[in-house]
Peer 1: 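First the structure, which I've put down as structure tokens, then a few questions once you've had a look.
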Amino acid sequence: SYTYGTLISGMCKEGRVDDASKLFHEMRRRGLAQSAAVYNTVINGYCDKGELDVAFRYRDEMVRVGIKPTLRTYNLVVHALFMEGRNAEACALIKEMEEKGLVLDAVTYNILINGYCKEGNVKKAFKLFQEMLRKGVHPTKVTYTSLIYVLGKSSRVADADRMFKEAVEKGLVPDLVMYNALIDGHCADGNMERAFEILTEMEKKKIAPDEVTYNTLTRGLCLLGKVEEARCILDEMSRRGIKPD
RNA sequence: GCUCGUUA
């Protein structure tokens, strides 16, 4: 079962969801147990492909054969609905989770928070952030990255800096994605000096910038009309062996 | 073996 699970997961990551579902049916033919994890993998594959209807069919099927959807199943589906802008359905599922006594975890909150951040709904995002704190669910790097992102997009970079600091104070170790989100906020703000300061800071922490970091900086410089400096970024990238895209 | 975050 684990062998199949690993294979199915691998197929899905390659975007070969239909091959994955063939394997899924093959394992059934062989009489191997199909756990919630394997269902989740297949559901995730179809969610990524945007075929939510198929994903839902598998979820209904797992219920039918007596496998309880797990917190991850719900998180998966809530996330997919949110990405499609089907917020009402996502919220209905959250309600269903609460009714069933499932305890929302950090991932659930992160999905909701990020969903609202993507919509630029700062109020709602922070309302959920407060709620998770109130319920004793510890925010993660992902939570903070989403909040830093939305603050940057809302021209509230100073608040983004504060959130970053708060995350560090809570003992979270900032990673590349979190740094990139903060750098982007300052680039959007036109504060390239601060953006490069953060770059220096992350390198001091032995976190190597990636193409997202450089793309972000390039865009920031171009927005200010500093095309020559932007051109230097390209050289810096090749010097470091990062492929420009 | 399964879920969430950053640029374009």
Side-chain angles (χ1 to χ4, degrees), chain A residues 1-13 17 20 23-24 27 32-48 55 58-59 62 67 69-83 90 93 97 102 104-118 125 128-129 132 137 139-153 160 163-164 167 172 174-188 195 198-199 202 207 209-223 230 233 237 242 244-245:
Chain A
S1 281
Y2 279 78
T3 317
Y4 270 97
T6 310
L7 249 168
I8 289 169
S9 169
M11 289 287 182
C12 288
K13 288 209 174 76
V17 189
L23 281 168
F24 181 80
M27 74 186 284
L32 292 167
Q34 288 177 304
S35 60
V38 186
Y39 268 101
N40 289 344
T41 307
V42 175
I43 291 169
N44 185 32
Y46 282 107
C47 284
D48 282 346
Y58 277 100
R59 195 218 29 196
M62 88 190 265
I67 298 171
T70 61
L71 184 57
R72 282 181 195 232
T73 317
Y74 277 99
N75 285 346
L76 215 58
V77 177
V78 169
H79 177 239
L81 286 171
F82 242 109
M83 294 330 259
L93 266 181
M97 293 167 77
L102 283 173
L104 309 196
D105 67 355
V107 174
T108 320
Y109 278 105
N110 289 345
I111 289 165
L112 297 172
I113 289 171
N114 187 48
Y116 288 116
C117 287
K118 283 274 200 267
L128 280 157
F129 180 58
M132 85 187 279
V137 180
T140 66
K141 286 186 249 211
V142 177
T143 322
Y144 280 99
T145 304
S146 295
L147 295 172
I148 287 165
Y149 166 87
V150 76
L151 290 169
K153 295 286 174 215
M163 288 308 284
F164 190 94
L172 295 171
D175 62 6
L176 180 59
V177 177
M178 201 164 138
Y179 273 108
N180 284 345
L182 186 62
I183 288 173
D184 182 54
H186 288 285
C187 287
I198 296 163
L199 176 68
M202 69 188 267
I207 296 174
D210 67 353
E211 65 280 3
V212 174
T213 319
Y214 287 115
N215 287 344
T216 304
L217 292 166
T218 302
R219 199 180 82 94
L221 290 168
C222 289
L223 284 174
I233 298 267
M237 285 175 84
I242 298 168
D245 55 2

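Each chain gets a letter, A, B and so on, in the order its sequence line appears, and its residues count up from 1.
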Peer 1: Using a heavy-atom cut-off of under 4.0 Å over every strand shown, decide if V38(A) touches base, sugar-phosphate, or nothing.
Peer 2: base
Peer 1: Rounded to the nearest Å, what distance is computed from the CG atom of residue L112(A) to the P atom of nucleotide rG5(B)?
Peer 2: 12 Å
Peer 1: Whole Å only: how far is the CD atom of E211(A) from the C1' atom of rA8(B)?
Peer 2: 11 Å
Peer 1: Name the residue from N180(A), D245(A), D210(A) that meets the side-chain hydrogen bond (donor to acceptor under 3.5 Å, both in side chains) definition with N215(A).
Peer 2: D245(A)
Peer 1: How many Å lie between NE2 on H79(A) and C1' on rU3(B), as a whole number?
Peer 2: 9 Å
Peer 1: Should the side chain of T145(A) and the base of rG5(B) be counted as holding a donor-acceptor pair, with the cut-off at 3.5 Å?
Peer 2: yes
Peer 1: I need the CE-C1' distance between M237(A) and rA8(B), as an integer number of Å.
Peer 2: 11 Å
Peer 1: Looking at the base of rG1(B), is there any donor atom on it, or on the side chain of S35(A), that sits under 3.5 Å from an acceptor on the other one?
Peer 2: yes
Peer 1: Across the strands shown, which category fits A181(A) at heavy-atom distances under 4.0 angstrom: base, sugar-phosphate, nothing?
Peer 2: sugar-phosphate
Peer 1: Looking only at side-chain N and O atoms, does N40(A) come under 4.0 Å of OP1 or OP2 in rU3(B)?
Peer 2: no
Peer 1: Report the relative orientation of the aromatic rings in Y58(A) and Y46(A); use parallel for angles under 30°, tilted for 30 to 60°, perpendicular for over 60°.
Peer 2: parallel
Peer 1: What is the distance, to the nearest angstrom, from the CG atom on D210(A) to the P atom on rA8(B)?
Peer 2: 14 Å
Peer 1: If you look at every strand shown and take non-hydrogen atoms under 4.0 Å, does Y149(A) touch a base, only sugar-phosphate, or nothing?
Peer 2: sugar-phosphate
Peer 1: Rounded to whole Å, how long is the line connecting atom CG of D175(A) with atom C1' of rC4(B)?
Peer 2: 13 Å
Peer 1: Rounded off to whole Å, could you give me the CG-to-P distance for the L76(A) and rG5(B) pair?
Peer 2: 11 Å
Peer 1: Is a donor from one side chain sitting under 3.5 angstrom from an acceptor on the other, for T216(A) and T213(A)?
Peer 2: no
Peer 1: Starting at atom CZ of R219(A), determine the distance to atom C1' of rA8(B), rounded to an integer number of angstrom.
Peer 2: 8 Å
Peer 1: Can a salt bridge be assigned to the pair D184(A) and K153(A) using a cut-off of 4.0 Å between side-chain N and carboxylate O?
Peer 2: yes
